[in-house]
Amino acid sequence: MEQKNFIPKEDGLDNSLSVLREGYLYITNRAIGFQSDIFETRLLGERAICIRGEEAAKLIYDSEKFKRNGAAPKRVLKTLFGEDGVQTLDGEAHRHRKAMFMSVMSGEALQSMRDITRKQWELAVRRWEHKEEITIYEEAKELLCRTACEWAGVPLAEEEVKEKTEWLGSMIEATAALGFKHIKGRNARSKIEKWVQELVESVRTGAMEPPENTALYSFSWHRDLNGELLDKKIVAVEIINILRPIVAVSIYICFTALAVIQQPEERLKLQSADEQQLKNFVQEVRRFYPFFPFVPARAVKDFTWNGYQFNEGVLTILDLYGTNHHPDLWEQPELFRPDRFNDWNGSPFNFIPQGGGDHDTGHRCAGEWITLEIMKESIDFLANKMSYQVPVQDVSFSFHDMPSLPHSHIVIRNVRALV
């Protein structure tokens, strides 16, 4: 008989406010205090089990033990993910919908993303040369809105760029927000869903013909397990699940700029970097800096794992940031060291900035490869293809802000193209 282990339990009737206060470090702080990578608490009025580490990631991505439906808070669905999107599906329905996303992630499509990103960076630098100073985060959102729409086959007129950038940015920034920012994010989702639904309708009526290898075309004509076209509202949610994550890479670009500024020795290496060295730098930015904090799931049955009892329906939360900084998995995790990825074993469960598990059939972010291509091109510009001055500013960031960003959003001056 398997030994039963006790799950440490946090005091308090509800600790949701502690999550908002501590943000990315909420689970890690208690794991250190309990000396345990698993503990029990109460969040949003219910029992929750919090876990971190490689074995914990393997557990929560086991579809025989956990499901995603009913796990994410409604406020997140109303802003970030959208209702009835791929993140909320399980089983065959999830695999079928995920295949739709993976169908637009071919090698040719990834090269196209790299080429579009490079073009948009070149155009952006030319615009910045006529400005005294620019803010990296704000400019990166616009740059990536242009990139995302072009890559996905979504028409975007020049006069629409700032509006659509604002909508997508508001959804991202409302992830854990309260009050006005949350309402703004919900309103932005309503507007952008309506806009994309109209595009889907235009594709289906023949009024618009996007390229066949793009998300707008592929998703508009995708059929469900019953052979029926997806409802246009769901298609809109899923197209936004392409556009929004691409624009969210602006967070990583902002942190990339911070790393280039604060890590002069590593920047020097980038001057003669090959593709692997660029990728190492990208991966270390994604490991080191905060991005998405947690992943929720619900147990589909009663089971015992490592002696710990899980009951059917229990909310279980995996610590993404804490796993990427776990001292048992990463040597000196508090140091920024891109070369550590020369020896990384490639596990899909110990490096999980955008989720873990399998890309094709699991819940790992389908756009992770896109993220890598965008960031490799962006690093090359920030380190090698433009000169700029960095004024004194507050580049610190807070772990209780979700998403977290350097407080100044990284201001640079006197931008000049070097190529």
Side-chain angles (χ1 to χ4, degrees), residues 16 19 27 40-51 56-102 171 174-176 182 185-186 189-190 193 219 222-242 244-245 292-303 305 309-320 348-349 352 354-368 402:
S16 303
V19 175
I27 294 178
E40 179 182 328
T41 188
R42 290 192 65 82
L43 301 173
L44 299 176
E46 66 173 307
R47 176 176 177 248
I49 295 177
C50 299
I51 54 178
K58 290 178 183 177
L59 171 67
I60 209 166
Y61 287 103
D62 183 343
S63 60
E64 294 185 1
K65 292 185 173 67
F66 285 96
K67 65 178 183 177
R68 295 304 183 274
N69 188 28
K74 276 288 185 182
R75 61 184 299 109
V76 174
L77 298 180
K78 293 287 187 180
T79 55
L80 194 67
F81 292 152
E83 297 184 278
D84 300 318
V86 66
Q87 299 96 338
T88 68
L89 302 179
D90 296 290
E92 187 58 31
H94 175 262
R95 286 189 288 274
H96 187 72
R97 187 79 62 82
K98 188 68 176 288
M100 178 183 76
F101 279 84
M102 299 311 294
M171 289 162 52
T175 303
H182 176 72
R186 291 184 65 153
R189 171 161 283 282
S190 296
E193 283 189 4
F219 292 13
H222 181 78
R223 295 182 180 273
D224 63 19
L225 289 170
N226 298 319
E228 301 292 331
L229 288 174
L230 294 176
D231 183 278
K232 65 180 181 181
K233 186 179 188 304
I234 294 178
V235 176
V237 166
E238 301 298 35
I239 290 173
I240 294 166
N241 276 332
I242 290 285
R244 171 191 49 77
F292 205 75
F294 317 119
V295 167
R298 289 192 183 277
V300 299
K301 61 184 179 182
D302 292 351
F303 66 89
W305 172 73
Q309 179 65 38
F310 286 74
N311 301 117
E312 180 180 353
V314 68
L315 177 64
T316 305
I317 301 174
L318 173 67
D319 184 0
L320 301 182
F349 299 106
I352 52 174
Q354 292 173 261
D358 180 69
H359 286 100
D360 290 315
T361 59
H363 281 271
R364 194 179 189 106
C365 177
E368 189 167 18
M402 295 184 289

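Predicted model, so just to flag it, every value in this text is computed and none were measured. The residues of the chain are indexed from 1 along the displayed sequence.
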For Glu228, the side chain to side chain contact (heavy atoms under 4.5 Å, CB included) test, sequence neighbours excluded, returns Asp224, Asn226

With sequence neighbours excluded, residues passing side chain to side chain contact (heavy atoms under 4.5 Å, CB included) with Thr316: Ile49, Ile51, Ile60, Phe66, Phe310, Val314

State, with a plain yes or no, whether a side-chain heavy atom of [X] is found less than 4.5 Å away from one of [Y].
X      : Y      : answer
Leu318 : Phe349 : no
Leu230 : Met100 : yes
Arg189 : Ile240 : yes
His222 : His96  : yes

Could you measure the distance from the [atom1] atom of [X] to the [atom2] atom of [Y]? Nearest 0.5 Å is fine.
X      : Y      : atom1 : atom2 : result
Leu320 : Phe294 : CG    : CZ    : 8.5 Å
Arg244 : Met171 : CZ    : CE    : 6.0 Å
Leu44  : Leu315 : CG    : CG    : 8.0 Å
Phe101 : Asn241 : CZ    : CG    : 5.0 Å

If you compare all heavy atoms of [X] against all heavy atoms of [Y], which two are closest, and at what distance to 0.1 Å?
X      : Y      : value
Ala48  : Leu43  : CB-CD1, 4.1 Å
Pro348 : Ile352 : O-CG2, 3.6 Å
Glu64  : Lys301 : O-CE, 3.4 Å
Gly85  : Val237 : CA-CG1, 3.9 Å

Measure from the side-chain N and O atoms of [X] to the backbone N and O of [Y], and report whether any donor-acceptor pair falls under 3.5 Å.
X      : Y      : answer
Asp90  : Asn69  : yes
Tyr61  : Gly357 : no
Arg298 : Gly313 : yes

Taking side chain to side chain donor-acceptor pair (under 3.5 Å) as the test, write out the residues that go with [X], two or more places apart.
X      : answer
Glu92  : Arg95
Lys233 : Glu193
Asp62  : Lys65
Arg42  : none

Checking Gln87 against Arg68 for the side chain to side chain contact (heavy atoms under 4.5 Å, CB included) test, could you report, in this order, the C-alpha distance in whole Å, the side-chain angles of both residues, the deciding distance, and whether it holds? CA-CA 7 Å; Gln87 299 96 338; Arg68 295 304 183 274; over 6 Å; no

Under the side chain to side chain contact (heavy atoms under 4.5 Å, CB included) criterion, do Val86 and His94 qualify, and how do the steps go? CA-CA 6 Å; Val86 66; His94 175 262; 3.8 Å; yes

